[in-house]
Amino acid sequence: MRMDIDFQGRHVFVFGGTTGINFGIAQAFARCGARVSVASRKRENVDAALAVLAAQGAQTHGVCADVRDFDAVGAAFEDAAQRFGPIDALVSGAAGNFLCPANAMSANGFRTVVDIDLVGSFNVLRQAYAHLRRPGASLINITAPQATVAMRSQAHAAAAKAGIDQLTRVLALEWGADGIRVNAISPGPIDGTEGFRRLIARTEEELALAREAVPLRRFGTPDDIANLALFLASPYASYISGAVIPCDGGGAIDSVKPALERASAQQA
Ligand code: HXC
Ligand code: NAP
C-alpha cells in the first residue's frame with residue numbers, strides 16, 4: 001500500500017501554534033495542503049507565524065487568544081470556522097513551564113502552569129467541540145514525558161500533563177460516538193525549542209548528558225513530532241483513539257535516566 005497524506009482543503013487548527021513544535025506541526029499541515037488556523041497570546045508571534053505560512057503558499061488564519069480565557073477561546077474557534085468551515089483536525093499544544101523545586105514554588109506559579117496546560121487544554125477542546133467535523137475530526141493534545149515519569153522541579157507541569165493524558169482518554173470515550181478521535185503526542189527532547197532551552201540543556205555538558213539519555217542518541221526535531229501529528233489526523237489512523245503516543249527516540253521505555261536527571265539537576 002502506498003501511503004499518501006493529503007489535507008487539501010481541510011481545516012486544521014493549531015492552538016499554541018505560533019512557535020516551536022506546534023508551529024512545526026502547523027507548517028507540516030500547510031505543506032500537505034491544509035487551510036491552517038493558528039492561535040496564541042502574543043500578536044507578534046501570530047503575525048510572524050502567519051507571514052511564514054503565507055510565504056509557503058498556505059491559506060492561513062490567525063487569532064490572538066489566551067487559553068485561560070474560555071470566552072476568548074470560543075471566539076477564536078467561531079472566527080476560524082466562519083473563515084475555513086468545520087475543523088477537521090485540532091492540535092492543542094499551548095503550554096508554559098519553568099524549572100522550580102516544589103518547596104520554592106509559589107501557589108500562583110503552580111496554578112499558572114496548571115491553568116495554561118490543563119485548564120487551557122479543556123477550554124480548547126470544549127470550545128472546539130461545536131465546530132468539529134463529525135464524523136471524522138481528529139483531536140491531538142501535546143503532553144510531555146513528565147506526565148508519567150517524575151521529574152524534579154516539575155511539580156506543576158507534571159501534574160498538568162498527567163491531567164492532559166487522562167483528559168485525552170475521557171474525551172476519546174465520550175466523543176467516540178460522534179466519530180471524533182482524541183489522542184495525545186508525548187514529545188521527547190526537541191532540539192531548538194523553548195521547552196528544550198528551559199528544561200533540558202543549555203551548556204555543552206548538559207547537551208551531552210541529555211543526548212546520552214535518549215536510546216536513539218539524538219534529539220528530536222519538530223518534523224519528528226509533525227509527522228506523527230499528520231499520521232494521527234489522517235485516515236491511516238482512523239482506528240486509533242484514546243492513545244498517548246511517545247515520540248521520543250525511545251526515552252519513555254527507559255525507567256532510569258541518570259543522565260537526564262543530572263542535566264535537569266544542573267539546570268534547577
Ligand atoms: C519560579 C516563576 C518562574 C520561575 C514565573 N514564576 N517564572 N516561579 N521560577 N522561573 C511564577 C511567578 O513568580 C508568578 O508567581 C507566577 O509564576 C506567574 O508568573 P507570570 O510571569 O505572571 O505568568 P504569565 O505571564 O502568565 O507567564 C506564564 C509563564 C511564562 C509560564 C510563567 O514563562 C510563559 O508565558 N511561558 C510560555 C512559554 C513556555 O514556557 N514555553 C515552554 C513550554 S515547554 P507569583 O507568586 O510571583 O505571583 C513545556 C514542556 C517541555 O511545556 C517538556 C520537556 C521535557
Ligand atoms: P513554545 O515554543 O514556547 O510553544 C508554546 C506555544 O504556546 C507558543 O506558541 C505560545 O505562544 C503558546 N502559549 C503559551 N501560553 C499560552 C496561553 N496562555 N494561551 C495561548 N497560547 C499560549 O514551546 P515548545 O517547547 O515548542 O513546546 C510546545 C509543546 O510541546 C508544549 O505543549 C510543550 O509542553 C510540549 N513539549 C515540548 C518539549 C520540548 O522538548 N520542547 C518536550 C515535551 C513536550 P504565545 O507566547 O504567543 O502565547
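Both counts, for ligands and for their atoms, begin at 1 and track the order of listing.
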Heavy atoms, side chains only, cut-off 4.5 Å: are Arg126 and Phe70 in contact?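 Contact flag for Arg126/Phe70 side chains = yes.
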Could you check if a side-chain atom of Phe110 sits within less than 4.5 angstrom of a side-chain atom of Val114, using non-hydrogen atoms only? yes
Ring centres under 6.0 Å, that's the criterion: do [X] and [Y] meet it?
X      : Y      : value
Phe15  : Phe77  : yes
Phe219 : Phe196 : yes
Phe98  : His156 : yes

To check your reading of the model: name the closest protein heavy atom to [atom], its residue, and the distance in Å.
atom                    : result
atom 44 (S) of ligand 1 : Gly195 CA, 3.4 Å
atom 30 (C) of ligand 1 : Arg198 NH1, 4.1 Å
atom 23 (O) of ligand 1 : Thr112 CG2, 3.9 Å
atom 34 (O) of ligand 2 : Lys161 NZ, 2.8 Å
atom 3 (O) of ligand 2  : Glu194 CB, 3.6 Å
atom 30 (O) of ligand 2 : Ile142 CG2, 3.4 Å
atom 18 (N) of ligand 2 : Asp66 OD1, 2.9 Å
atom 16 (C) of ligand 1 : Gly109 CA, 3.6 Å
atom 22 (C) of ligand 2 : Ala94 CB, 3.6 Å
atom 4 (O) of ligand 2  : Thr19 OG1, 3.4 Å
atom 48 (O) of ligand 1 : Asn108 ND2, 2.9 Å
atom 1 (C) of ligand 1  : Phe98 CE1, 3.5 Å
atom 41 (N) of ligand 2 : Thr193 OG1, 2.7 Å
atom 46 (O) of ligand 2 : Arg41 NH2, 2.9 Å

Test item, [X] contacting ligand 2 (heavy atom, 4.0 angstrom):
X      : value
Gly120 : no
Glu44  : no
Pro189 : yes
Thr143 : yes
Gly188 : yes
Ala49  : no

For [atom], is the nearest protein heavy atom closer than 4.0 Å?
atom                    : answer
atom 18 (C) of ligand 1 : yes
atom 5 (C) of ligand 1  : yes
atom 41 (N) of ligand 1 : yes
atom 10 (N) of ligand 1 : yes
atom 21 (O) of ligand 1 : no
atom 13 (O) of ligand 1 : no

Are Arg31 and Asp223 close enough for a salt bridge, meaning some N to O gap below 4.0 Å?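 A salt bridge is present here (some side-chain N lies under 4.0 Å from a carboxylate O).
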Asp47/Arg43 salt bridge by N-O under 4.0 Å criterion: yes
Indicate, as side chain, backbone, both or neither, the part of [X] found under 4.0 angstrom from ligand 1 when only non-hydrogen atoms are considered.
X      : result
Met105 : neither
Asn97  : both
Ala95  : both
Thr193 : neither
Met151 : neither
Arg197 : neither

Please determine which of Gln154, Lys161, Arg198, Glu194 meets the side-chain hydrogen bond (donor to acceptor under 3.5 Å, both in side chains) test together with Asn97. Gln154
Under 4.0 Å from a heavy atom of [X]: which atoms of ligand 2 are those, numbered in the order shown and with their elements?
X      : result
Gly93  : 29 (C), 31 (C), 32 (O)
Asn45  : 11 (O), 45 (P), 46 (O), 47 (O)
Ala144 : 43 (C), 44 (C)
Gly20  : 2 (O), 26 (O)
Gly16  : 6 (C), 7 (O), 8 (C), 9 (O), 12 (C)

Quick one: do the Thr112 and Asp115 side chains pair a donor with an acceptor below 3.5 Å?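 Checked: Thr112/Asp115 side chains show no N/O donor-acceptor pair below 3.5 Å.
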Indicate whether any N or O donor in one side chain lies under 3.5 Å from an N or O acceptor in the other, for Asp165 and Thr143. yes
Of all the heavy atoms in Cys100, does at least one lie under 4.0 Å from an atom in ligand 1?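 It does, in that a heavy atom of Cys100 comes within the 4.0 Å cut-off of ligand 1.
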Heavy-atom contacts under 4.0 Å between Ala65 and ligand 2: side chain, backbone, both, or neither? backbone
Counting only heavy atoms, which portion of Ile21 has something under 4.0 Å from ligand 2: side chain, backbone, both, or neither? both
Give the numbers and elements of all ligand 1 atoms closer than 4.0 Å to a heavy atom of [X].
X      : result
Arg68  : 26 (O)
Ser106 : 15 (O), 45 (P), 46 (O)
Gly96  : 31 (C), 36 (N), 37 (C), 39 (C), 40 (O)

Could you say whether the N/O atoms of [X] and ligand 2 ever approach to under 3.5 Å?
X      : answer
Ser40  : yes
Pro187 : no
Ile200 : no
Phe15  : no
Gly195 : yes
Val67  : yes

Taking only residues two or more places apart in sequence or in another chain, which ones pass side-chain contact (heavy atoms from CB on, under 4.5 Å) with Ser121?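 Partners of Ser121 under the side-chain contact (heavy atoms from CB on, under 4.5 Å) test: Ser92, Ile164, Leu167.
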So which of Arg41, Glu194, Gln146 gets nearest to atom 37 (C) of ligand 1, if we judge by its closest heavy atom? Arg41
